[in-house]
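Below is one structure, written out as structure tokens, with a few remarks after it.
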Amino acid sequence: MKILSRDFYERSPVEVAKDLLGKTLMLKKNSGILSAKIVETEAYFGQKDPASRAHTGRKPYNQLMFLDSGKTFIYMVHGNWLLNIVAHQKGSVGGVLIRAIEPLQGTETMLKNRHVKEIRDLTSGPGKLTKALDITKDLNGIDVTDRDSELIVIEEQGEDFEISSSHRIGVTADLPKNLRFFIKGNKFVSKA
DNA sequence: AGGAAGATCTACT
DNA sequence: GTAGATCTTCCTA
């Protein structure tokens with residue numbers, strides 16, 4: 001098991017968003033281990049990105065995006081916690097939103113956290129996956145490169161896959177670029 | 001005090 | 001498949 005290092009996150013959010021696809025998210029809880037494969041992400045920048053939390057400048061609640069890469073940045077939107085990982089070149093600002101995952105380990109626990117019939121609906125959206133994994137603000141700012149953290153990201157050999165991209169989902173003001181990336185054909189991607 | 005926000009669920013045509 | 005209500009912070013006035 002290899003944990004992704006700090007350098008991995010100290011690159012452009014776009015590169016990190018693409019490279020996070022296929023990696024494994026692992027959550028160590030008292031009740032056991034939950035893990036899932038990342039299948040959909042979006043890149044966000046700083047001031048120049050109108051959809052970014054950091055767009056209006058540094059504030060107490062968004063300062064994590066300005067600080068260390070490789071840490072979580074979790075915030076609430078429409079009653080849902082959304083999970084981001086801070087990623088940017090040193091001295092820059094940015095992050096990657098985890099939009100969808102595929103459950104690997106602890107599926108029963110996730111099903112208990114959410115009332116759905118279809119496994120497909122369990123984690124196929126940014127607010128869904130945080131509920132399934134029981135991620136809240138308590139985990140805000142933790143270091144996903146530290147093996148002692150409750151939440152880490154690990155590199156694992158998986159099958160080959162093809163990456164598709166699109167505009168970002170649900171944002172009121174997007175940039176004229178494709179900043180959303182997902183594994184082509186994966187069932188857990190929130191939207192084709 | 002009020003409203004917007006990177007969404008989800010439910011109930012319809 | 002699309003539309004509308006509602007979810008809970010944190011910012012801005």
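Heavy-atom basis, side chains included; hydrogens, waters and symmetry copies ignored. As the structure is a prediction and not an experimental result, all values here were calculated from the model.
For A:M76, the side-chain atoms get nearest to C:dT8 when compared with the rest of C:dT12, C:dT8, B:dA7. Listed nucleotides: C:dT8, C:dT12, B:dA7. Nearest to the side chain of A:K59: C:dT12.
Checked by atom type and distance alone, the side chain of A:D148 never pairs as donor or acceptor with a backbone atom of A:D146 at under 3.5 Å. The closest donor-acceptor contact from the side chain of A:N178 to the backbone of A:H167 lies under 3.5 Å. Between the side chain of A:S149 and the backbone N or O of A:I142, no donor-acceptor pair lies under 3.5 Å. In terms of modelled atom types and a separation under 3.5 Å, the side chain of A:R99 and the main chain of A:R168 share no donor-acceptor contact. In this structure, A:T72 contributes its side chain and A:L139 its backbone to a donor-acceptor pair below 3.5 Å. Judged by distance alone, with hydrogens and angles left aside, the side-chain atoms of A:K23 form a donor-acceptor pair with the main-chain N or O of A:D19 at under 3.5 Å.
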Using salt bridge (Lys or Arg N to Asp or Glu O under 4.0 Å), reason through A:R180 and A:D174 one step at a time and then give a plain yes or no. CA-CA 11 Å; A:R180 168 175 174 255; A:D174 202 358; over 6 Å; no

Stepwise side-chain contact (heavy atoms from CB on, under 4.5 Å) test for A:S35 and A:E156: CA-CA 12 Å; A:S35 73; A:E156 270 188 315; over 6 Å; no

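Counting Ile, Leu, Val, Met, Phe, Trp and Tyr side chains that sit under 4.5 Å apart, directly or through other members, A:I169 stands alone, with no cluster partners.
As a whole-Å value, the separation of A:I74 CD1 from C:dC10 C1' is 16 Å. Straight-line distance from the NE2 atom of A:H115 to the P atom of B:dT8: 17 Å, rounded to whole Å. Separating the CD atom of A:E118 from the C1' atom of B:dC9 is a distance of 15 Å, rounded to the nearest angstrom. The distance between atom NE2 of A:H55 and atom C1' of C:dC10, rounded to the nearest whole Å, is 17 Å. One can place CG of A:D121 at 17 Å from P of B:dA7, the figure rounded to the nearest angstrom. Atom CH2 of A:W81 and atom P of B:dA5 are 18 Å apart (whole Å). One interatomic measurement links the two molecules: CG of A:D174 to P of B:dA5, which rounds to 14 Å at whole-angstrom precision. If you measure from atom OH of A:Y75 to atom P of C:dC11, you get 14 Å, rounded to the nearest angstrom.
If you check residues 90-100 of chain A against DNA chain B, the residues with a heavy atom closer than 4.0 Å are A:L97, A:R99, listed by number. Residues from residues 127-143 of chain A with heavy atoms under 4.0 angstrom of DNA chain B, sorted by number: A:G127, A:K128.
Figure legend: cation-pi geometry between A:R6 and A:Y9 absent, as NZ or CZ is not positioned both under 6.0 Å from the six-membered ring centre and within 45° of its axis.
The residue among A:G125 and A:T172 whose nearest nucleotide of DNA chain B lies closer to the 5′ end is A:T172.
Using a 4.5 Å cut-off on side-chain heavy atoms (C-beta onward), A:Y75 and A:L82 make contact. A:K128 is not listed as a side-chain neighbour of A:L122, based on a closest heavy-atom distance of 4.5 Å or more. Between A:M1 and A:I152, the closest side-chain pair of non-hydrogen atoms falls below 4.5 Å.
A stem is defined here as three or more consecutive Watson-Crick or G-U pairs, each with both distances under 3.5 Å; for DNA chain B these stems are B:1-5 with C:8-12, B:7-12 with C:1-6.
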Report all side-chain donor-acceptor pairs from residues 83-94 of chain A shorter than 3.5 Å, counting only partners two or more places apart or in another chain.
| unit_1 | atom_1 | unit_2 | atom_2 | d |
| --- | --- | --- | --- | --- |
| A:N84 | ND2 | A:F73 | O | 3.2 |
| A:H88 | ND1 | A:S92 | O | 3.0 |
| A:H88 | NE2 | A:M65 | O | 3.4 |
| A:H88 | NE2 | A:L67 | O | 2.8 |
| A:K90 | NZ | A:E10 | OE1 | 3.3 |

Write down the protein N/O and nucleotide N/O pairs, taken from nucleotides 4-7 of chain C, whose separation is under 3.5 Å; answer none if there are no such pairs.
| unit_1 | atom_1 | unit_2 | atom_2 | d |
| --- | --- | --- | --- | --- |
| C:dC7 | O2 | A:H78 | O | 2.7 |

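Remark: A:R114 is not in phosphate contact with B:dT8, judged by side-chain N or O atoms under 4.0 Å from OP1 or OP2.
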